[in-house]
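When reading the values below, keep in mind they use all heavy atoms of this one structure, side chains included, and skip hydrogens, waters and symmetry mates. Here is the naming used below: chain letters follow the sequence lines, and residue numbers restart at 1 for every chain. Keep in mind the model is a prediction, meaning the values are calculated, not measured.
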Amino acid sequence: MARHLITSAIPYINGIKHLGNLVGSQLPADLYARYLRARGHEVLFLCATDEHGTPAELAAAKAGKPVDDYCAEMWGVQAKIAEGFRLSFDHFGRSSSDQNKKLTQHFAKVLDDEGLIREVSETQMYSHADGRYLPDRYIEGTCPNCGFEDARGDQCDNCTKQLDPVDLINPRSTISGSTDLEMRDTKHLYLRQSEMKDKLDAWIDSKTDWPVLTTSIAKKWLHDGDGLQDRGITRDLDWGVPVQKGDEPWPGMEGKVFYVWFDAPIEYIACSQEWVDAGKGDDWARWWRTDKGADDVRYTQFMGKDNVPFHTLSFPTTILGSNEPWKLVDYIKSFNYLNYDGGQFSTSRGRGVFMDQALEILPADYWRWWLLSNVPESSDSEFTWDSFQQGVNKDLADVLGNFASRVTKFCRSKFSEAVPEGGTPGAREEQLMADLTAKIAEYQTHMEAIEIRKAAASLRGAWVLGNEYLQEVAPWSTIKEDPAQAAMQIRLALNMIRLYAVISSPFIPDACADLLSCMKADDAEWPTDIAAALKAMPEGHAFTVPDVTFRKITDAEREDWQERFAGTRD
RNA sequence: GGCGCGGUAGCUCAGUUGGUUAGAGCGAUCGACUCAUAAUCGAUAGGUCGGGAGUUCAAGUCUCCCCCACGCCA
């Protein structure tokens, strides 16, 4: 029994996420959380929406709503979809919470006290019509280099030369199109990450068991070019955490907010406070403060590769730099990208399958199984409808679902809807126990190492053992000469259904809950002794035949969906 | 152009610190079985491990060069 803190990278509030976003952090994090809970560990699994920044403001404006209303509404949408996928967050928070506001301001003050924040003066374009500063890509104009008329503030798409927005000729706002712009001097705060470079470097070096993807990205940012750079942590926006030194104002920073990447990871901590304030827990500090009981917590973060720099460098700078006893991450599991049918999933272009659409066409378990057993761990992987159909039909319908079906229906027709009596196990049954024990041990090893593809393969291997056994002992033949022996074989097989439901539930929770309910099993404890677990349902124990646990995806459906999702959304 | 992850059977991928005849799943072919969601089980075929050179008694596994795909950055 250990204590595990698990966080998934927090999805941006703007719009519904696609399957690539889901498989890159939330879903594997959920798998791990469910597994550890099933093993009897104490788990706190947190996620939230990342709500600040310009994209949220623009999306709200487009929807004709105040930004806070828009975010509240979208939080509700995302929370509902997360529930649909059975993501078992202990709390799904919001980075715009008061708790996060206070904590972000607290960290800013402490970091400033530690000398890790410096002020920088910059010149930025201010738009009178929009009433705001225009960061790089919100401004366009004529390229001073090649004369291209639609050059963006940060780069000219025509000559590729990198630009500074103030150099553009005839600049205009991409928001309103206004040309009523003015260069203004403005001050910003920078986090002195470069000061922490050696400390971070040593810390990353000590993490020899982390995925290469995680450490190689961190190392690149630490050593590439001039090394780790300081980063601006403030913006001239309305929507965000107001820049303050704790409770005190920050002279010269009036009207500015912290930049999203600074306050977003702090939400991991704030989320636990929201969890307490929502009445779901009573002590957040024992998860986050090493001086208040978090010493024995193992903290694991899940994220896509694009988030690695923030979690290996920026957020650790905040934590380590504060010199306060905050819990630092122990393990960072990062993922590559999932591609869609020969290209990328794209939120902006609406390409691919989005979370709400996925749930409209099939239950969560179908998606969970395929996505997890094909999770992009070692390299980018690809979603194709063909592969999805094949994986679901073969693994779920044929191997697992059909096993439950053949066993329960055979028992009902030859015996009754109760675990049959008689017979004595022999050598073949001992072999089965040994095989199952080994396969499940292998599965557990992979789950503990968060080797998800391998864990899925082992789990499937355990399912196959049941079919192999049945095929070999052939109770449909045995029953003709020795009904008692057939009863023993089926009794074992019925118990295997229960066992499979228990160990598979981290992957496919709904189907497993159904199977357990059909088996009328009140014991869903994780098996430590397989032989004992296969006696959990004694002779005479009643059950019901499950409905089709997993249905097959037909060729017509596959073609239909392939067609339907080929274009773009909206 | 720089950097990163890859390039292993038709497809998707495993291959630990270099060491016996390179593995799995799917697909294909053949066979067995008939309890079951036309499901299951078994067998077989198929790879000069992107190319070249080198180190070594021994290289998919280390070194160098090159090629290809994808991604990130400037």
Could you tell me whether [X] contacts a base, only the sugar-phosphate backbone, or nothing, with contacts defined as non-hydrogen atoms closer than 4.0 Å?
X        : answer
A:Thr408 : nothing
A:Lys454 : sugar-phosphate
A:Phe403 : nothing

Is any N or O donor-acceptor pair between the side chain of A:Asn402 and the base of B:A39 shorter than 3.5 Å?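 There is none.
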
Does the ring of A:Tyr337 carry A:Lys305 above it, NZ/CZ under 6.0 angstrom from centre and within 45° of its axis?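 Positive - A:Lys305 is close enough to the ring of A:Tyr337 and near enough to its axis.
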
Take atom C1' in B:G31 and the same atom in B:A69, then report the distance between them in whole Å.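 That atom pair is separated by 41 Å.
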
So, for A:Phe315 and A:Trp261, is the gap between ring centers shorter than 6.0 Å?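 Ring-ring flag for A:Phe315/A:Trp261: false, centres at least 6.0 Å apart.
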
Closest nucleotide among [options] to the [X] side chain:
X        : options             : result
A:Gln471 : B:A14, B:U37, B:C35 : B:C35
A:Phe550 : B:U37, B:C26, B:U34 : B:U37
A:Phe410 : B:G71, B:U12, B:C35 : B:C35

Taking pairing as Watson-Crick or G-U wobble with both contacts under 3.5 Å, can you name the mate of [N], or confirm there isn't one?
N     : value
B:U20 : none
B:C5  : none
B:C64 : B:G52
B:A28 : B:U44
B:A58 : none
B:A38 : none

Taking the nucleotide of RNA chain B with the nearest heavy atom to each, does A:Ser405 or A:Val399 sit closer to the 5' end?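 Taking each residue's closest nucleotide, the earlier one in sequence belongs to A:Ser405.
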
Nearest-nucleotide comparison on RNA chain B, the residue closer to the 5′ end among A:Gln390 and A:Val407: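 Going by which nucleotide is closer to the 5' end, it is A:Gln390.
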
Any side-chain N or O of [X] under 4.0 Å from OP1/OP2 of [N]?
X        : N     : answer
A:Lys394 : B:A39 : no
A:Lys552 : B:A39 : yes
A:Arg453 : B:U12 : no

If you define the side chain from C-beta out and look only at heavy atoms, does anything of A:Val329 sit under 4.5 Å from A:Thr300?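 No, side chains not in contact.
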
For the residue pair A:Asp386 / A:Gln390, report whether a side-chain donor-acceptor contact shorter than 3.5 Å exists.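 No pair is found: no donor N or O on one side chain lies under 3.5 Å from an acceptor on the other.
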
To the nearest Å, how far apart are A:Ile479 CD1 and B:U34 P?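 Rounded to the whole Å, the gap is 14 Å.
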
Spacing between A:Glu377 atom CD and B:C13 atom P, to the nearest angstrom: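 One finds 12 Å between P of B:C13 and CD of A:Glu377, rounded.
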
Anti or syn - B:G50, cut at 90° from 0: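 Classified anti.
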
For A:Glu557 and A:Lys552, which heavy atoms make the closest approach, and how far apart are they?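 The answer is OE1-O, 3.9 Å.
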
Report yes if the ring of A:Trp476 lies under 5.5 Å from the six-membered base ring of B:C35 with planes under 30°, and no otherwise.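 Stacked: ring centres under 5.5 Å, planes under 30°.
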
Classify the angle between the aromatic ring planes of A:His311 and A:Tyr268 as parallel (below 30°), tilted (30 to 60°) or perpendicular (above 60°).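 A:His311 vs A:Tyr268 ring planes: tilted.
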
